[in-house]
Asker: 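First the structure, then my questions, so here it is.
Note that the structure is predicted; figures quoted are calculated from it, not measured. FYI, side chains are in, hydrogens and waters are out, and symmetry mates aren't considered; it's all heavy atoms of this structure.
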Protein chains: 2
Amino acid sequence: MDDFFNNWVVQVRKGVLEHRVLRSLAERERYAYELVREMAAAPGLGLSEGTLYPLMSRLRLNGLVASRLEESTSGPARKYYTLTPEGRQTLAAMDHFLGELNRPEGPKREGGSR
Amino acid sequence: MDDFFNNWVVQVRKGVLEHRVLRSLAERERYAYELVREMAAAPGLGLSEGTLYPLMSRLRLNGLVASRLEESTSGPARKYYTLTPEGRQTLAAMDHFLGELNRPEGPKREGGSR
DNA sequence: ACAGCTACCTTGCGTCACAAGGTACCAACT
DNA sequence: AGTTGGTACCTTGTGACGCAAGGTAGCTGT
């Protein structure tokens, strides 16, 4: 039926997810499995592990997060992720960009340069 | 430098663009070239023709827009696009979805089933 | 005739969500 | 001891799509 709409939703997630993850990590450190359940419970998202684990790898490769292993008394060890300074910087840039996007028609000129 | 951020912006566009285009067409009919310049001038977007033409094709294939050729006295003929009823419906669904996404922590339960 | 604008469309590339599948560790029941 | 079920990690293959670059064609001015 609405192939188109469903596909659109997937595309929207691509942008939103990374932002949401960084946002979440800005609050406190978390491990991936925790994030999966958190996001899956959120309104429009509903991601699975296959989405998040590669995402976390990308974040780490790009230096936005750092990870730390912690053993658990009940279950496998957890890999906790924290934001690096670059991660915080990128998050701020994202926030700014999204702010611009949501402003309906007001482009807002940059510091009146030139 | 910020490969990651730039890439992210590209991903965000994927979701935003289709919504913006439908929004724009909901106002009045437009032709593709017009949309390109309109979007390119908007804050965070900056798309090119190579992005928009395939997008318009997809919209037409999915029955969200209809097109109509109109000759121009100055230049090539223009293909004007209008929203179909399905297009309007999809736009409404998108608006709803985005509304849900932006609600910070309020999932809004579905009819309290179960 | 030629440059430049409008206006349409296509090809090749790279990125990414997602489903599905895989490994391993631990607790509880049979 | 074996099986189930939960936690927690990660990989592979597929399909979708933005984008740069390139292509076609009509009109205008020099």
Side-chain angles (χ1 to χ4, degrees), chain A residues 2-21 29-40 42 44-62 64-65 67-81 101, chain B residues 2-21 29-40 42 44-62 64-65 67-81 101:
Chain A
D2 256 6
D3 297 342
F4 185 86
F5 181 72
N6 289 327
N7 228 316
W8 177 76
V9 171
V10 171
Q11 301 304 322
V12 171
R13 282 207 252 267
K14 293 199 187 187
V16 174
L17 275 182
E18 296 182 345
H19 181 239
R20 287 282 245 261
V21 167
E29 71 175 0
R30 286 168 207 263
Y31 55 101
Y33 196 75
E34 188 183 2
L35 283 169
V36 170
R37 287 185 304 184
E38 201 178 293
M39 302 283 164
L45 309 167
L47 87 167
S48 60
E49 305 183 15
T51 300
L52 193 73
Y53 284 107
L55 200 168
M56 297 314 289
S57 288
R58 273 201 312 280
L59 292 178
R60 191 149 47 80
L61 286 178
N62 282 274
L64 305 192
V65 303
S67 62
R68 165 177 82 75
L69 267 182
E70 180 166 321
E71 304 200 8
S72 169
T73 56
S74 62
R78 296 167 175 174
K79 191 181 269 181
Y80 281 91
Y81 292 93
L101 259 195
Chain B
D2 254 9
D3 297 342
F4 186 86
F5 182 72
N6 288 328
N7 227 318
W8 176 76
V9 170
V10 171
Q11 301 305 322
V12 170
R13 283 207 251 267
K14 294 200 187 188
V16 174
L17 275 182
E18 296 181 344
H19 181 239
R20 286 284 244 261
V21 167
E29 70 175 0
R30 287 168 206 260
Y31 56 100
Y33 196 75
E34 188 183 2
L35 282 169
V36 170
R37 286 185 304 184
E38 201 177 292
M39 301 282 163
L45 308 167
L47 87 168
S48 60
E49 306 183 13
T51 300
L52 193 73
Y53 284 107
L55 199 168
M56 296 315 287
S57 288
R58 272 203 311 282
L59 292 177
R60 191 149 48 80
L61 287 178
N62 281 274
L64 305 193
V65 303
S67 62
R68 167 176 82 77
L69 267 180
E70 180 165 319
E71 303 200 8
S72 167
T73 56
S74 63
R78 295 166 176 176
K79 192 182 269 182
Y80 281 91
Y81 291 93
L101 259 195

Asker: Decide yes or no for Leu61(A) and Phe4(B): does some side-chain heavy atom of the first lie under 4.5 Å from some side-chain heavy atom of the second?
Answerer: no
Asker: Roughly, in whole Å, what's the span from CG in Leu61(A) to C1' in dT15(C)?
Answerer: 14 Å
Asker: Let me know the distance between CZ of Arg58(A) and P of dG14(C), rounded to the nearest Å.
Answerer: 16 Å
Asker: If you assign each of Lys14(B) and Arg13(A) to its closest nucleotide in DNA chain C, which residue comes earlier from the 5' end?
Answerer: Lys14(B)
Asker: Taking the side chain as everything from C-beta on, heavy atoms only, tell me whether Val21(A) gets closer than 4.5 Å to Leu52(A).
Answerer: yes
Asker: So how far is it from Glu29(B) CD to Glu34(B) CD, rounded to the nearest 0.5 Å?
Answerer: 9.0 Å
Asker: Any salt bridge (Lys or Arg N to Asp or Glu O under 4.0 Å) involving residues 44-53 of chain A? Give me the pairs, sequence neighbours left out, ordered by first then second residue.
Answerer: none
Asker: List the steps, then state whether side chain to side chain contact (heavy atoms under 4.5 Å, CB included) holds for Arg60(B) with Lys79(B).
Answerer: CA-CA 12 Å; Arg60(B) 191 149 48 80; Lys79(B) 192 182 269 182; 4.1 Å; yes
Asker: Between C1' on dA17(C) and CG on Asn6(A), what's the gap in Å once rounded to a whole number?
Answerer: 13 Å
Asker: Which whole-number value in Å describes the distance from Glu71(A) CD to dA24(C) C1'?
Answerer: 14 Å
Asker: How long is the line joining CZ of Arg68(A) and P of dA8(D), in whole Å?
Answerer: 14 Å
Asker: Write down the distance between CZ (Arg37(A)) and C1' (dC9(D)), rounded to a whole number of angstrom.
Answerer: 13 Å
Asker: Grab the CG-P distance between Leu59(A) and dT15(C) for me, whole Å please.
Answerer: 15 Å
Asker: I want to verify a distance call: between dT15(C), dA16(D), dC18(C), whose nearest atom is closest to the Asn7(B) side chain?
Answerer: dT15(C)
Asker: List, with names and distances, any nitrogen or oxygen atoms from the protein found under 3.5 Å away from nitrogen or oxygen atoms belonging to nucleotides 8-10 of chain C.
Answerer:
| unit_1 | atom_1 | unit_2 | atom_2 | d |
| --- | --- | --- | --- | --- |
| dC8(C) | OP1 | Lys79(B) | N | 2.9 |
| dC8(C) | OP2 | Tyr33(B) | N | 2.6 |
| dC8(C) | OP2 | Tyr53(B) | OH | 3.0 |
| dC8(C) | O5' | Tyr53(B) | OH | 3.4 |
| dC8(C) | N4 | Glu49(B) | OE1 | 2.5 |
| dC9(C) | OP1 | Lys79(B) | NZ | 2.5 |
| dC9(C) | N4 | Glu49(B) | OE1 | 3.4 |

Asker: State which of dA17(C), dC18(C), dA16(D) makes the closest approach to the side chain of Ser48(A).
Answerer: dC18(C)
Asker: Starting at the 5' end of DNA chain D, which residue's closest nucleotide do you reach first, Gly15(B) or Pro76(B)?
Answerer: Gly15(B)
Asker: Roughly how many Å is it from CD in Glu70(A) to P in dC9(D), rounded to a whole number?
Answerer: 12 Å
Asker: Under the salt bridge (charged side-chain N to carboxylate O under 4.0 Å, His left out) test, which residues partner Arg78(B), sequence neighbours left out?
Answerer: none
Asker: Please report the interatomic distance CZ(Arg13(A)) to CE(Met39(A)), rounded to the nearest 0.5 Å.
Answerer: 12.5 Å
